[in-house]
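Please read the structure below before turning to the comments.
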Amino acid sequence: TIQYDTHYDTHYDTHYNMAQNFIAYGCWNKGLCKVGSTSNGVSAVITEMDEYVSRMDVKPSFVAVAGDNYYPKIEEATGTTPKKKYFNESELKSGFACLRDFQRKHKIPIQVIGGNHDTENTLDFEITASAASSRRINTGSATSLRQRRESVAYKKNECLITRTEINMAKSTLMSFTMFNCHLFGAGNHTLVLMLDSNIYIENMAKLKDCYLPLLRNTVRHLKTSRMYPAQLNVMAFAETIQDAVADFERAASVETLRSVQLAWVNHILEAATRTGTINNVVIVAHHPLAYHKIKKNKMLFQTGADNDGGAEYLKLCRHIYGHFISVQAQFFYSCADLHTYQAGTVVLAATDGASPPIRINQQIAGTGGTTLETEYATLQGQVQGHGGASTTVDGVSITYDMSVAIHSHGFLHWRESVKSENGHGGVSSLSVEFIPIRVRMSTEGSGGTRRRRQRHRRKYNRKQTTRNRKMNRNRKM
């Protein structure tokens, strides 16, 4: 059994009054989840998050889940055997059931967006027996791949991950949508924009077909949810994108998805500006803007712009942050994708100098329960030649200086505080802390027990060999 130890910071600056806060993480739902158990990462994180929130005087305003909400089992190709992926409905549902129980217990809204795994089409997946249902039919009797893909049974396996996640997240205070937002805190000074980064960074040829149910659910949520303040007028916005949704139904297009999200962003920016002064702007998305990653023992600097649509995504983020430069807002970026905790400062700048550079506090927490990276970046590695790494893509320069690296499961706790000025309202500031859940013992279940026994057996055999050699030498003497 894995045992976890969690660090809690209960110290607050006495000059600040605690206002609202939220929790964020991603890359979480792998294996069977059971609250109260620490047998795997997803169970441990939700269990510790439950206990952490139970001790809080001011409950989080919401929980932001930054995608990769399910991990299918993968068997790599060997010889003539092709690579296989398995969809296990029971495992997917168990994670969402744990999250839903947490939401119902604490009455906290949970907003889920997608990662690259969440809109992956399951047409060619192997469907496990535990996922038996009327919509899942075995198509193994087809004599060729072409015949299999033309069968009615095959099409019933389409987008099972996306559709199951949507159904599991349907409740008054829980949803899985393409994009979302929150305007909260003292005087609505903090804007949190949840965005879909897949449509810029991932290979959408494999993902776009499953965006139709997600886009439809997003519109439904905007029309029916009561979580948005009236001044954002999201119901009116939902009506304006009906034609775009119809276009996507006729022909799935990445350009349509990007235009719908950009329209959403512009609508929220204008509405948020009308509400008053925004002090803090947080973008929550799946992919980091920039990060360090270890691959084959080498520390690499990678950015969202390394992919075809990445530069356009960086420009979208600059567009959002740049809207609030004149009011001297602070900028933050909360994401996942990398299965470790990493934090630092990202600077986005136009190479022509036409606009001022934008400094962003980036927090990467793909630590919600999936398997952690086997190799991970350290501050020491950055100091040895990788500090302040930078690159330029399509007129945008991006610089990254990593300041924190913790290899652990866990989640982010974002806190808004308001500094009083002469006894009246004041300026809102935002701080963030990573709550790590550390593994004390690496063995897990029968597999760990078996490996431990094997180590003991090898050690015993070495001792026996040494003993026998000594006895043989003594006999010769």
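Position 1 is the first residue of the sequence, and the numbers go up from there. Side chains are part of it too, since the values below use all heavy atoms of this structure and drop only hydrogens, waters and symmetry mates.
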Sequence neighbours left out, what passes ring pair (Phe, Tyr, Trp, His ring centres under 6.0 Å) with His287? Give chain and number order.
none
Kindly write out the residues that satisfy ring pair (Phe, Tyr, Trp, His ring centres under 6.0 Å) with His106, not counting sequence neighbours, or none if the list is empty.
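Partners of His106 by the ring pair (Phe, Tyr, Trp, His ring centres under 6.0 Å) criterion, ordered by chain and then number, come out as Phe102.
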Cut-off 3.5 Å, side chains only: do [X] and [Y] have a donor facing an acceptor?
| X | Y | answer |
| --- | --- | --- |
| Thr340 | His407 | yes |
| Asp68 | Trp28 | no |
| Glu126 | Tyr86 | no |
| Ser334 | Gln363 | no |
| His182 | Tyr228 | no |
| Arg318 | Ser355 | yes |
| Ser428 | Glu416 | yes |
| His323 | Thr273 | yes |
| Tyr70 | Asn88 | no |
| Thr47 | Asp50 | no |

Centre-to-centre under 6.0 Å for [X] and [Y], is that the case here?
| X | Y | result |
| --- | --- | --- |
| His292 | Tyr400 | yes |
| Phe331 | Tyr321 | yes |
| Tyr291 | Phe301 | no |

Any ring pair (Phe, Tyr, Trp, His ring centres under 6.0 Å) involving residues 231-258? Give me the pairs, sequence neighbours left out, ordered by first then second residue.
Phe237-Trp264, Phe237-His267
Kindly write out the residues that satisfy side-chain hydrogen bond (donor to acceptor under 3.5 Å, both in side chains) with Tyr25, not counting sequence neighbours, or none if the list is empty.
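With neighbours one apart ignored, the set is empty.
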side-chain hydrogen bond (donor to acceptor under 3.5 Å, both in side chains) partners for Ser253, two or more places apart:
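In terms of side-chain hydrogen bond (donor to acceptor under 3.5 Å, both in side chains), with neighbours along the sequence ignored, Ser253 is linked to Glu255.
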Output, in order, the C-alpha distance, side-chain angles, deciding distance and verdict of side chain to side chain contact (heavy atoms under 4.5 Å, CB included) for Ile108 and Phe22.
CA-CA 10 Å; Ile108 298 171; Phe22 70 96; over 6 Å; no
Using only atom types and a distance under 3.5 Å, with no angle test, would you say the side chain of [X] pairs donor to acceptor with the backbone of [Y]?
| X | Y | value |
| --- | --- | --- |
| Asn167 | Arg163 | yes |
| Thr122 | Leu160 | yes |
| Thr224 | Arg220 | yes |
| Glu75 | Lys84 | no |
| Asp247 | Thr256 | no |
| Asn217 | Phe176 | yes |

Kindly indicate, with the supporting measurements, whether the criterion side chain to side chain donor-acceptor pair (under 3.5 Å) is fulfilled by Asn29 and Asn69.
CA-CA 5 Å; Asn29 191 9; Asn69 311 309; over 6 Å; no
In Å, rounded to the nearest 0.5 Å, how long is the span from CG of Leu412 to CD of Glu433?
9.5 Å
Walk me through whether His189 and Asn280 qualify under side chain to side chain donor-acceptor pair (under 3.5 Å).
CA-CA 6 Å; His189 290 320; Asn280 312 296; over 6 Å; no
Kindly determine whether Arg104 and Met174 satisfy side chain to side chain contact (heavy atoms under 4.5 Å, CB included), including the steps that lead there.
CA-CA 10 Å; Arg104 289 173 175 172; Met174 189 172 175; over 6 Å; no
Sequence-distant partners of [X], salt bridge (charged side-chain N to carboxylate O under 4.0 Å, His left out), two or more places apart:
| X | value |
| --- | --- |
| Lys170 | none |
| Glu239 | Lys223 |
| Lys30 | none |
| Glu120 | Lys85 |

Provide the closest heavy-atom pair for [X] versus [Y] in the form atom of the first, atom of the second, distance.
| X | Y | answer |
| --- | --- | --- |
| Ala272 | Leu232 | N-CD2, 4.3 Å |
| Ile23 | Val53 | CD1-CG2, 3.7 Å |
| Thr367 | Ser408 | CG2-O, 3.2 Å |
| Pro213 | Ile166 | O-CD1, 3.5 Å |
| Ala405 | Thr378 | CB-CA, 4.3 Å |

Heavy-atom neighbours of Phe96 CZ exceed 12 at 6.0 Å:
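Counting other residues, nucleotides and ligands, CZ of Phe96 exceeds 12 neighbours.
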Would you say Gln328 has more than 12 foreign heavy atoms packed within less than 6.0 Å of its CD?
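No, CD of Gln328 has 12 or fewer neighbouring heavy atoms, counting only those of other groups under 6.0 Å.
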Pair up each side-chain donor or acceptor in residues 110-117 with any protein partner under 3.5 Å, not counting sequence neighbours, and list the distances.
from   : atom 1 : to     : atom 2 : distance (Å)
Gln111 : OE1    : Ser175 : OG     : 2.6
Gln111 : OE1    : Asn180 : ND2    : 2.8
Asn116 : OD1    : His286 : NE2    : 3.3

Does Arg258 form a salt bridge (charged side-chain N to carboxylate O under 4.0 Å, His left out) with Glu312? I'd like the steps, not just the answer.
CA-CA 10 Å; Arg258 291 179 183 177; Glu312 188 173 345; 2.9 Å; yes
How far apart are the C-alpha atoms of Tyr52 and Ile435, what are their side-chain angles, what is the distance that settles it, and do they pass the side chain to side chain contact (heavy atoms under 4.5 Å, CB included) test?
CA-CA 9 Å; Tyr52 184 82; Ile435 309 300; 3.6 Å; yes
Quick one: are Val42 and Leu32 in side-chain contact, heavy atoms under 4.5 Å?
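When only atoms from C-beta onward are counted, Leu32 and Val42 do not touch, as no gap falls below 4.5 Å.
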Please enumerate all residues that pass disulfide bond (SG atoms under 2.5 Å apart) together with Cys210, with sequence neighbours excluded.
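Partners of Cys210 by the disulfide bond (SG atoms under 2.5 Å apart) criterion, ordered by chain and then number, come out as Cys159.
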Cys98: partners by disulfide bond (SG atoms under 2.5 Å apart), with sequence neighbours left out
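With neighbours one apart ignored, the set is Cys33.
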Parallel, tilted or perpendicular: which describes the rings of Tyr333 and Tyr313, with under 30° parallel and over 60° perpendicular?
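It falls in the perpendicular class, over 60°.
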For side chain to side chain contact (heavy atoms under 4.5 Å, CB included), just list the numbers for Gln20 and Trp414, CA-CA rounded to whole Å, side-chain angles, deciding distance to a tenth of an Å, and then say yes or no.
CA-CA 9 Å; Gln20 295 190 28; Trp414 293 85; over 6 Å; no
Phe125/Phe87 under ring-ring contact (aromatic ring centres under 6.0 Å, His included): CA gap, chis, key distance, verdict
CA-CA 6 Å; Phe125 277 43; Phe87 172 71; 7.4 Å; no
Inspect the contact between Lys296 and Glu375 and indicate whether a charged nitrogen and a carboxylate oxygen are less than 4.0 angstrom apart.
no
